Amino acid sequence: HGMIDPEEMMESSHTFNIFIQEYIKQSGLELLARNVIRISSSLNELVVQPNDDITVLEKYNECIEQTLLTFENILEIIPTKTNDLLAKFPEFLHWILNILYNSNTNNAGNKNHNNNNTSYLACEILSIFLLSNVVNRKAMSLDLSNNTNNNYYIVNAASKSAVDNTNNNRITGVHLLLSILKTYENKKENPKTMEEEEFLLTLFSSVVCVLTETTNQDIFADINGFEIMLRMIRQRNITYRRAFEVIDAAVTNHPANCKRFVDAGGLKVLFPAYMAKGKINVGKHKIKMKSAIRSQDEECILSIVSCLFFNLKDMEYERLLSKFLKHDFEKVHRCIELHGTYYFKCYGNDDDGNNNNHNVTNDDDLLNDRLEKGLFTLQKIDFILAMLYNENRDGLRNCIVAQFKEQGFEFEEVSKTLIDYSKILNSSGNKKAGVTSNNNDIARIQNANATTLFDKINAINETWKSISLSLKKQGI
């Protein structure tokens, strides 16, 4: 561990490069992984009497911790050299997940469950591995049940029964990762230490990362992932925001999961968040959602709503649409309010004569600036508005037109956003910063009605543009 400290290696990079290249060439990483599994297995087999010296246990735990620190150092310095280890050596993936599971349960047979440093390190290492390579994310769908013969595995039945109602014996990384999070679903209190909070948030980030793969999205739905996330949201604590992020990742580009979310009762939880109603415990006290909500929260929630509008059909679509028709169109009013806020953030300078001549598909600096200000969120908002106007039901169009006039918004604003949205999709698939799509060309993904997102945006934009033409004919 001391030989590959990142700070020291910066001072002697040439020597380090020679060492680390040879180390990897000699399968040093695989050896580390096998060694930590062997040590952990020996620890589980160790029989300690009440009067025995605990020094032996401490030494075992220290060996495990030092091994994980070595992994962390290597990942920090050269992640590209190590980013497929979980796929090549699933036993190590299984071991990491097992360590995380046992750290969150009071399993009497686990002598290491109080070693928080080990679990925190394992959590961070898993996150880095998953973020570094799509191959590792795909490895989370591998069947790990063959590893149950190893002595270090002690959560087979517990982890599976916690989340899986299926009749097969398949246990994947998604099963285990979700079973770890499940231990928090009924906790009303937030983590008591910063370390535990960071551990929990890193776990959520790993789940979100894993769900960029369609196969993992399928498994998530099959093992009641939506139900677990919805129970967490109802607790209204630190898991509230992160659970929505997981749901967003689970429904993205996945029509079947959109339906599953609605069938699980997701709309009852989604729309109070959309309207920023109620209170949330973000620390020691609960505060109103209006005060606690952040732009990241609005982005996530609106992403889910727009995804549902694009992917749902039949009865589930009608259930979604009915939410906007109730209570004197309050949710339509909320959408128009959000349009005004985000349009001004993204395009406000255009009205002052700045940036008038631009092309978002070529001017990367301008596009990135607008993405930082909330362009992605604005695109989702205006997609929802155009979808609602396209329905022409129960006074929806009249409500939208009246509210735009009352607020002083221009109807061309929505068309402008949708045109830019389609250009971005058509040119690069997905330019949202920090997102790795589970499809190469998001613009060509088809929904349940076999319509692509690109075509849908263009179609509803044509309908929306008819507002201006109609008003002009009326002399308004």
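Positions are given from 1, in the same order as the sequence printed here. Everything quoted here is computed from the prediction, not taken from an experiment.
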Visitor: Using ring centroids (six-membered ring only for Trp), state whether F226 and F220 fall under 6.0 Å.
Guide: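 Yes, close enough.
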Visitor: For atom CD of Q407, decide whether the heavy atoms of other residues, nucleotides or ligands shown that lie under 6.0 angstrom number more than 12.
Guide: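 It does: Q407 CD has more than 12 such atoms within range.
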Visitor: Do any N or O atoms from the side chain of T212 and from the backbone of V208 form a donor-acceptor pair under 3.5 angstrom?
Guide: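 No: the side chain of T212 does not pair with the backbone of V208.
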Visitor: Does the side chain of H254 pick up a donor-acceptor pair with the side chain of D218 at under 3.5 Å?
Guide: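 Yes.
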Visitor: Starting at CD1 of I419, measure out to CG of D382 and round the result to the nearest 0.5 Å.
Guide: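 The CG atom of D382 is 11.5 Å from CD1 of I419, to the nearest 0.5 Å.
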Visitor: Determine, for E410 against K405, whether the closest basic-nitrogen to carboxylate-oxygen distance falls under 4.0 angstrom.
Guide: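 Salt bridge absent between E410 and K405.
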Visitor: For A87, does its backbone N or O pair with a side-chain atom of N136 as donor and acceptor, under 3.5 Å?
Guide: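 Pair found, side chain donor or acceptor close to backbone of A87.
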Visitor: With no hydrogens and no angle check, do the side chains of N237 and T239 hold a donor and an acceptor under 3.5 Å apart?
Guide: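 The answer is yes; a qualifying pair exists.
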Visitor: Any chance you could lay out the salt bridge (Lys or Arg N to Asp or Glu O under 4.0 Å) test for R319 and E316, step after step, and finish with the verdict?
Guide: CA-CA 5 Å; R319 290 173 64 183; E316 288 76 23; 5.3 Å; no
Visitor: Can any side-chain N or O of N449 pair as donor or acceptor with the backbone N or O of T451 at less than 3.5 Å?
Guide: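 No, the answer is negative, given that no donor and acceptor are paired below the 3.5 Å cut-off.
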Visitor: Hydrogens and angles aside, do N224 and R231 bring a side-chain donor and acceptor to less than 3.5 Å of each other?
Guide: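 Absent: no donor and acceptor within the cut-off.
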Visitor: Only one of F329, F271, Y389 clears ring-ring contact (aromatic ring centres under 6.0 Å, His included) with F324; which?
Guide: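 For F324, the ring-ring contact (aromatic ring centres under 6.0 Å, His included) check succeeds only for F271.
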Visitor: So F92 and F129, would you call those rings parallel, tilted or perpendicular, with 30° and 60° as cut-offs?
Guide: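 Answer is perpendicular, since the angle exceeds 60°.
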Visitor: Checking T452 against D455: is there a side-chain donor and acceptor pair closer than 3.5 Å?
Guide: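 Yes, because at least one side-chain N or O of D455 sits under 3.5 Å from a partner of the opposite role on T452.
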Visitor: State whether the number of non-hydrogen atoms from other residues, nucleotides or ligands found under 6.0 Å of K456 atom NZ is greater than 12.
Guide: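 No, NZ of K456 has 12 or fewer neighbouring heavy atoms, counting only those of other groups under 6.0 Å.
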Visitor: Looking at K323 and E330, is any side-chain nitrogen of the basic one under 4.0 Å from a carboxylate oxygen of the acidic one?
Guide: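 No, E330 and K323 are not salt-bridged.
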Visitor: Step by step, would you call C399 with H333 a side chain to side chain contact (heavy atoms under 4.5 Å, CB included)?
Guide: CA-CA 8 Å; C399 173; H333 295 173; 3.6 Å; yes
Visitor: Apply side chain to side chain contact (heavy atoms under 4.5 Å, CB included) to C307 and list each qualifying residue two or more places apart in sequence or on a separate chain.
Guide: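 C307 satisfies side chain to side chain contact (heavy atoms under 4.5 Å, CB included) with V251, C258, N311 only.
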Visitor: Any side-chain to backbone donor/acceptor pair from D143 onto R170? Under 3.5 Å, distance only.
Guide: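 The answer is no, because no donor-acceptor pair under 3.5 Å joins these two groups.
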Visitor: Does F404 have its ring centroid less than 6.0 Å away from the ring centroid of W464?
Guide: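 Between W464 and F404, which both carry aromatic rings, the centre distance is below 6.0 Å.
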Visitor: Minimum heavy-atom separation for L270 and I304, please, with both atom names.
Guide: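 What the structure gives for the nearest pair is CD2-CG2, 3.9 Å.
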Visitor: Dump the intermediate steps for salt bridge (Lys or Arg N to Asp or Glu O under 4.0 Å) on E227 and R260, then the final yes or no.
Guide: CA-CA 10 Å; E227 288 79 359; R260 178 62 184 269; 3.4 Å; yes
Visitor: Enter the distance from D248:CG to C300:SG here, rounded to the nearest 0.5 Å.
Guide: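 That separation rounds to 4.5 Å.
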Visitor: Kindly check if the number of other-residue, nucleotide or ligand heavy atoms within 6.0 Å of NZ (K465) is above 12?
Guide: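 Above 12, so yes.
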Visitor: Suppose we call two aromatic rings close when their centres sit under 6.0 Å apart. Are F204 and F244 close by that rule?
Guide: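 Judged by ring-centre distance (under 6.0 Å), F204 and F244 do not meet the cut-off.
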Visitor: Measuring only between side-chain heavy atoms, which start at C-beta, is L321 closer than 4.5 Å to L396?
Guide: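 The answer is yes, as the side chains (C-beta and beyond) meet within the 4.5 Å cut-off.
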Visitor: Looking at K416 and D420, is there a salt bridge between them, counting it only when a charged N and a carboxylate O are closer than 4.0 Å?
Guide: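 Salt bridge absent between D420 and K416.
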Visitor: Mind checking what makes salt bridge (Lys or Arg N to Asp or Glu O under 4.0 Å) contact with K345, not counting sequence neighbours?
Guide: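 Salt bridge (Lys or Arg N to Asp or Glu O under 4.0 Å) check on K345 returns nothing, list empty.
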Visitor: Rounded to the nearest 0.5 Å, how far does CG of L126 lie from OG of S119?
Guide: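 It is 12.5 Å, given to the nearest 0.5 Å.
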Visitor: Would you call R241 and D297 a salt bridge, using N to O less than 4.0 angstrom?
Guide: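 Counted as a salt bridge, because a side-chain N and a carboxylate O are separated by less than 4.0 Å.
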Visitor: What class does the angle between the rings of Y120 and F199 fall in, given that below 30° is parallel, 30 to 60° is tilted and above 60° is perpendicular?
Guide: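 Ring orientation of Y120 relative to F199: tilted.
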Visitor: I'd like to check M232 versus Y240 (side-chain heavy atoms, cut-off strictly below 4.5 Å). Are they in contact?
Guide: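 Result no, sub-4.5 Å side-chain heavy-atom pair not found.
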Visitor: Does this structure show an ion pair linking R334 with E298, if we count only N-O contacts that are shorter than 4.0 Å?
Guide: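 So R334 pairs with E298 through a salt bridge.
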Visitor: Answer yes or no: is there an ion pair linking K192 with E197, defined by an N-O contact shorter than 4.0 Å?
Guide: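 No, this pair does not count.
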Visitor: Given 3.5 Å as the limit, does a donor-acceptor pair link the side chain of E30 with the main chain of K88, or not?
Guide: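 No, because the side chain of E30 does not come within donor-acceptor range (under 3.5 Å) of the backbone of K88.
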Visitor: Taking the side chain from S179 and the backbone from L176, do they hold a donor-acceptor pair closer than 3.5 Å?
Guide: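 Yes.
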Visitor: Looking at every heavy atom in both L203 and L100, which two are closest together, and how far apart are they?
Guide: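 That closest heavy-atom pairing would be CD2-CD1, 4.1 Å.
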